[in-house]
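Okay, so here's the structure we're looking at.
Counting begins at 1 with the first residue of the sequence. As the structure is a computational prediction, the values presented were derived from the model and not from experiment. In each ligand, atom 1 is the first atom listed, and ligand 1 is the first ligand listed.
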Amino acid sequence: MNRYSLRGKVVLITGATGGIGAACARRLRGRGARLVLVDLNQSALDALTVDLGTDTVLAVAADVTSLEQMRSVALQAVHRFGRIDVVFANAGIAADPPVTVATADVSTYEKVLEVNLLGVWRTVKACLDEVIRNQGYILVTASTYAFVNGVVNSAYATSKAAVEMFGRSLRAELAHTGARAGVLYPGWVATPIAHAAYGGNRTATTMAKRAFKGPLGKPIEPDRIARAVTAGMERRGARIVEPRVWVPISLMRGVFATATDAWLDRDTTFAALTRRLEAETRR
Ligand SMILES: NC(=O)c1ccc[n+]([C@@H]2O[C@H](COP(=O)([O-])OP(=O)(O)OC[C@H]3O[C@@H](n4cnc5c(N)ncnc54)[C@H](O)[C@@H]3O)[C@@H](O)[C@H]2O)c1
């Protein structure tokens, strides 16, 4: 397989100042890529840019849910660097504290879908012509939640299952263009988005410990994702799964889903924890 060199390529990253985004930005700079960093807060972007080198980095505050803002980012990137080769649609949020469908506040629930799914679609839509023109690569951040039951995290898991299908469909649609698309599936990663399940909320933390055993429940450092992402971009891969312990589960997802859904049907401790979380979060 031909290696897709990242040297000199223009890579646009959303959620760039978050744990995974910033770690990837550092690794990609190390590979010689020029970067377009997108996140909500300009001063956080500026701090990261100073770290990475201002002459090869463009940092633009924008909200991925705004197609207009993402089109403006794409224009600014082309104006500055002449092209966009790779788009890493990575910005995401989760409900914190976690909630059930019954107790969720409508606007918070829909905001998760808006950012995680429509934000990815709008980021890609704004940049796709450039990526096709340059026969580049689009990477969308899903999650192992694309195939793990989304109990007490359903807006998030629903968005990630949808993002996975978006990325797979896009890859097939790009096959005739020379450009490629792929899906990133991180397991648990030690970043702010995982806060509730790792100490931020006592009930959610107990639930996560019960549901994710051994290495499946051990958060990895963002730099491990960044290494996998860099290597995945260099092969313009269809799937990037990290940590690799999730690979067999991803491959056997039908059996895994049937078994875990049945376990959730029966597990009275988990049901009691769900009831407790509902009591804590009911509005
Ligand atoms: N950390 C994990 O355990 C984990 C696991 C699987 C998938 N993911 C996914 O990885 C991606 C990156 O998450 P992370 O772990 O780095 O979390 P993070 O919270 O550190 O970073 C998320 C970043 O997205 C930005 N963002 C949020 N809404 C935005 C918007 N509307 N427009 C632009 N930027 C916005 C935030 O400001 C933040 O910098 C997310 O899509 C997340 O769902 C994370």
Report yes if some N/O of [X] lies less than 3.5 Å from some N/O of ligand 1; otherwise report no.
{"X": "Lys160", "result": "yes"}
{"X": "Tyr156", "result": "yes"}
{"X": "Asp63", "result": "yes"}
{"X": "Gly19", "result": "yes"}
{"X": "Gly18", "result": "yes"}
{"X": "Thr191", "result": "yes"}
{"X": "Asn116", "result": "no"}
{"X": "Gly15", "result": "no"}

Do the rings of Trp188 and Tyr145 sit parallel, tilted or perpendicular, given the 30° and 60° boundaries?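 Rings of Trp188 and Tyr145: perpendicular, as their planes differ by over 60°.
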Within reach of ligand 1, part of Val115 (heavy-atom separation under 4.0 Å):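 It is the side chain that touches ligand 1; the backbone stays farther off.
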Closest candidate by heavy atom, reference atom 4 (C) of ligand 1, pool Ser143, Ala194, Gly187: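 Looking at heavy atoms only, the winner is Gly187.
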Run the numbers for me: atoms of ligand 1, each under 4.0 Å from some heavy atom of [X], listed by number.
{"X": "Asn90", "answer": "10 (O), 11 (C), 12 (C), 40 (C), 41 (O)"}
{"X": "Ile193", "answer": "1 (N), 2 (C), 15 (O), 17 (O), 19 (O), 42 (C), 43 (O), 44 (C)"}
{"X": "Ala142", "answer": "7 (C)"}
{"X": "Thr141", "answer": "9 (C), 10 (O), 11 (C), 41 (O)"}
{"X": "Ile20", "answer": "10 (O), 15 (O), 16 (O), 44 (C)"}

What do you reckon, does [X] put a non-hydrogen atom under 4.0 Å from ligand 1?
{"X": "Tyr145", "result": "no"}
{"X": "Asp39", "result": "yes"}
{"X": "Ala62", "result": "yes"}
{"X": "Gly119", "result": "no"}

Could you report the tightest heavy-atom contact between Thr281 and Pro97, atom names first, then the distance?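 Shortest heavy-atom contact: CG2-CG, 3.8 Å.
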Using atom types as modelled and distance alone, determine if a side-chain donor or acceptor of [X] lies under 3.5 Å from a backbone N or O of [Y].
{"X": "Asp85", "Y": "Val10", "value": "yes"}
{"X": "Thr258", "Y": "Gly254", "value": "yes"}
{"X": "Thr205", "Y": "Ala196", "value": "yes"}
{"X": "Asn116", "Y": "Ile93", "value": "yes"}
{"X": "Gln42", "Y": "Ala61", "value": "yes"}

Given the rule in the side-chain contact (heavy atoms from CB on, under 4.5 Å) test, do Thr56 and Leu35 qualify, once you have shown the distances and angles that lead to the verdict? CA-CA 6 Å; Thr56 43; Leu35 302 177; over 6 Å; no
Considering only the protein, which heavy-atom contact is closest to atom 27 (C) of ligand 1, and what is its distance?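 Sorting protein heavy atoms by distance from atom 27 (C) of ligand 1 puts Ile93 CG2, 3.6 Å first.
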Kindly compute the distance separating CG (Asn90) from CG (Leu184), expressed to the nearest 0.5 Å.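 So the gap between those two atoms works out to 7.0 Å.
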Do Thr100 and Thr103 get their side chains close enough for a donor-acceptor pair, meaning under 3.5 Å?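 Indeed, the side chains of Thr100 and Thr103 share at least one donor-acceptor pair under 3.5 Å.
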For the salt bridge (charged side-chain N to carboxylate O under 4.0 Å, His left out) test, which of Arg171, Arg253, Arg239 pairs with Glu164?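 The option that passes is Arg253.
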Please determine if Lys9 forms a cation-pi arrangement with Tyr4, meaning its NZ or CZ atom is less than 6.0 Å from the six-membered ring centre and no more than 45° off the ring axis.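 Lys9 over Tyr4 ring: yes.
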